[in-house]
Visitor: 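One structure follows; several queries about it will come next.
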Amino acid sequence: DARVTQTPRHKVTEMGQEVTMRCQPILGHNTVFWYRQTMMQGLELLAYFRNRAPLDDSGMPKDRFSAEMPDATLATLKIQPSEPRDSAVYFCASGLVGQGSNQPQHFGDGTRLSIL
Amino acid sequence: AQSVTQPDIHITVSEGASLELRCNYSYGATPYLFWYVQSPGQGLQLLLKYFSGDTLVQGIKGFEAEFKRSQSSFNLRKPSVHWSDAAEYFCAVLPSGGSYIPTFGRGTSLIVHP
């Protein structure tokens with residue numbers, strides 16, 4: 001089965017350090033989503049790409065977070081500088097929409113981030 | 001904007017008992033509807049989806065869900081729960097046009113007693 005691959009699975013670092021999380025979407029999918037999951041807030045949408053173009057990043061703190069898709073096989077989410085409140089599980093999901101063919105999101109297993 | 005309500009934060013059932021998890025949505029037209037399951041330490045896995053057609057949808061792991069337009073509901077059911085079904089369950093709504101950004105419910109935690 002095709003899978004969304006996220007790396008790293010776990011990341012522990014000190015406050016102020018740069019964190020980069022990577023996602024390989026399922027081949028052929030044209031949408032990529034970044035989510036953050038915490039006990040308090042649940043699942044929050046951070047960024048949304050369609051055909052590699054960022055369409056919605058309103059849920060993302062602009063001063064320290066950035067999301068990019070350098071090519072169709074790679075999406076990245078960066079935090080610089082990181083803060084303890086960024087500790088969470090970050091999920092990437094990909095899907096296929098439009099053109100008469102809509103497929104639901106498939107999620108990766110997440111990056112568990114701990115900022116000390 | 002669409003919204004999804006999962007009224008039960010926790011549900012506790014005995015192994016072998018039947019299960020129904022509730023999901024209500026608010027959207028101007030008929031959306032696409034999904035149920036996901038999340039086991040500890042893992043991502044969300046798609047259980048089933050409704051796009052159109054038959055309102056009773058069969059999914060993986062013995063789950064099914066029924067779309068009821070009049071009640072704006074998409075409840076998840078399983079006739080006999082197994083201990084391995086203990087997990088977090090999320091209902092999601094995807095607009096059938098426009099942005100294609102899904103909305104997720106807050107989730108229902110299923111606890112299974114032996």
Side-chain angles (χ1 to χ4, degrees), chain A residues 1-7 9-10 21 23-26 29-51 53-60 88-112, chain B residues 1-10 23 25 27 29-53 57 59-61 63 65 67 74 76 87-109:
Chain A
D1 285 344
R3 297 175 58 86
V4 174
T5 303
Q6 287 187 248
T7 56
R9 290 294 316 277
H10 303 275
M21 291 169 273
C23 168
Q24 181 177 2
I26 291 174
H29 282 185
N30 62 355
T31 60
V32 171
F33 299 77
W34 281 104
Y35 292 91
R36 175 171 61 187
Q37 187 179 41
T38 61
M39 290 292 292
M40 293 298 295
Q41 300 297 327
L43 201 61
E44 302 174 274
L45 177 66
L46 296 176
Y48 165 49
F49 291 78
R50 194 190 313 174
N51 298 321
L55 292 190
D56 189 336
D57 61 2
S58 58
M60 199 165 66
V89 182
Y90 291 81
F91 288 105
C92 175
S94 71
L96 179 65
V97 296
Q99 302 168 349
S101 176
N102 295 308
Q103 295 298 322
Q105 295 178 331
H106 292 258
F107 281 74
D109 285 334
T111 295
R112 183 173 295 275
Chain B
Q2 67 270 20
S3 66
V4 179
T5 302
Q6 293 181 247
D8 303 305
I9 297 175
H10 303 282
C23 173
Y25 68 89
Y27 182 60
T30 299
Y32 302 134
L33 297 159
F34 311 94
W35 275 99
Y36 288 85
V37 60
Q38 184 180 26
S39 297
Q42 296 185 13
L44 281 67
Q45 180 186 18
L46 182 69
L47 281 176
L48 47 78
K49 61 188 178 187
Y50 172 80
F51 284 172
S52 64
V57 179
I60 62 172
K61 305 186 180 189
F63 285 92
F67 169 57
F74 188 57
L76 182 70
E88 191 84 13
Y89 291 80
F90 293 91
C91 180
V93 167
L94 180 67
S96 51
S99 69
Y100 296 107
I101 296 177
T103 298
F104 285 83
R106 289 299 304 267
T108 297
S109 178

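Chain letters run A, B, ... following the sequence lines, proteins first and then strands; every chain starts at 1. Note that the structure is predicted; figures quoted are calculated from it, not measured.
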Visitor: So do B:Gln38 and A:Phe107 actually touch side chain to side chain, heavy atoms under 4.5 Å?
Guide: no
Visitor: For the atom pair CG (B:Leu44) and CD (A:Gln105), what is the distance rounded to the nearest 0.5 Å?
Guide: 9.0 Å
Visitor: Where do B:Gly43 and A:Asp109 come nearest, in terms of heavy atoms and distance?
Guide: N-OD1, 3.5 Å
Visitor: For a quick test of reading the model, state the closest non-hydrogen atom pair linking A:Arg9 to B:Gly41 and the distance between them.
Guide: NH2-O, 3.2 Å
Visitor: So which atom in B:Arg106 and which in A:Met40 form the shortest heavy-atom distance, rounded to 0.1 Å?
Guide: NH2-O, 3.2 Å
Visitor: Heavy-atom distance under 4.5 Å between the side chains of A:Gln37 and B:Phe104, does that happen here?
Guide: no
Visitor: In this structure, are over 12 heavy atoms from other groups packed under 6.0 Å from B:Ile60 atom CD1?
Guide: yes
Visitor: Quick check for you: to the nearest 0.5 Å, what is the distance between B:Ile101 atom CD1 and A:Asp56 atom CG?
Guide: 4.0 Å
Visitor: Under 4.5 Å between any side-chain heavy atoms of B:Pro102 and A:Tyr48, yes or no?
Guide: no
